Amino acid sequence: AQSVTQLGSHVSVSEGALVLLRCNYSSSVPPYLFWYVQYPNQGLQLLLKYTTGATLVKGINGFEAEFKKSETSFHLTKPSAHMSDAAEYFCAVSGSGTSYGKLTFGQGTILTVHP
Amino acid sequence: EAQVTQNPRYLITVTGKKLTVTCSQNMNHEYMSWYRQDPGLGLRQIYYSMNVEVTDKGDVPEGYKVSRKEKRNFPLILESPSPNQTSLYFCASRVQGSETQYFGPGTRLLVL
């Protein structure tokens, strides 16, 4: 069984400020972890993913995330927010075995960026 | 261009009127799935298919049917839609052995 919890359904930051979106997961097998972004009226776009290897992963648009097994976390960060980052962000987990390829999503976090 | 397409993008219907949402991918992916997105609930898997003629239930399959007669197509069928199926629907696909899924643009359904 696997699950994802995103802390904070809405996050608001000023342009140029640090972006931190929190994600905690549970998984009975070694997890694969993903962050997706959804811009208004669009589909989901993969931002970054962790499968194995380096625990700090870099994605598109200056985002990165760190896999912390001891904390079961995969928080998404960006040093300096831009107006174009305003969107909804989803953390997701999949695993190996029978759950391989099945994505379980968090509830989503809406990011607002103020000028 | 490699993509997942869905049709229609927007649909308004009435309770009980059968409808089909089509999904097609041109990447020769074995795995396809359907999700619904509802505010505060994220995306939840409805059905998935590991390959042609192989389908299985996801987390919220009630009220839906699927078929996989061709590798590229994975239609979602609502035999008797109800208002609680008003939602945003996404189709996704991935190649066998890869963990990365590619999503279609979504279909917004309103059932009156």
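In this text, all values refer to a predicted model and were calculated from it rather than measured experimentally. Chain letters run A, B, ... following the sequence lines, proteins first, then strands; residues in each count from 1.
Here A:Y89 and A:F63 bring their ring centres to under 6.0 angstrom of each other. Between B:F103 and A:Y36, the gap from one ring centroid to the other is short of 6.0 Å.
Of all residues in residues 104-115 of chain A, those placing a non-hydrogen atom less than 4.5 angstrom from a non-hydrogen atom of chain B are A:F105, A:G106, A:Q107.
B:R44 does not touch chain A: none of its heavy atoms, backbone or side chain, sits under 4.5 Å away. When heavy atoms are compared at a cutoff of 4.5 Å, A:Q45 does not approach chain B at all. Only the side chain of B:Q37 comes within contact range of chain A, with heavy atoms under 4.5 Å apart. Contact annotation for A:L46: only side-chain heavy atoms (C-beta onward) come within less than 4.5 Å of a heavy atom of chain B. There is no contact between A:S9 and chain B, counting heavy-atom distances below 4.5 Å. Looking at A:Q38, only its side chain comes within 4.5 Å of chain B, counting heavy atoms on both sides. Both the backbone and the side chain of B:L43 come within contact range of chain A, each with at least one heavy atom under 4.5 Å from a heavy atom of that chain.
Of the residues considered (B:P105, B:G106, B:S33, B:G58), B:P105 shows the highest number of contacts with chain A, using heavy-atom pairs under 4.5 Å.
Put simply, the side chain of A:K69 does not reach to within 4.5 Å of the side chain of A:T72, judged on heavy atoms.
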Task: B:K71 and B:N51: CA distance, side-chain angles, deciding distance, side-chain hydrogen bond (donor to acceptor under 3.5 Å, both in side chains) verdict - done: CA-CA 7 Å; B:K71 197 173 186 179; B:N51 213 323; 5.2 Å; no

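A donor-acceptor contact under 3.5 angstrom links the side chains of B:Y64 and B:R36, judged on distance only.
A salt bridge links B:E79 and B:K65; the closest N-O separation between the charged side-chain nitrogens and carboxylate oxygens is under 4.0 Å.
Sorted by first and then second residue, the salt bridge (charged side-chain N to carboxylate O under 4.0 Å, His left out) pairs with a member in residues 20-37 of chain A form an empty list; sequence neighbours excluded.
Evaluation of the side chain to side chain donor-acceptor pair (under 3.5 Å) rule for A:K68 yields no partner, not counting sequence neighbours. The side chain to side chain donor-acceptor pair (under 3.5 Å) search around B:T100 returns A:K49, not counting sequence neighbours.
For the atom pair B:H29 NE2 and B:M27 CE, the distance stands at 4.5 Å (nearest 0.5 Å).
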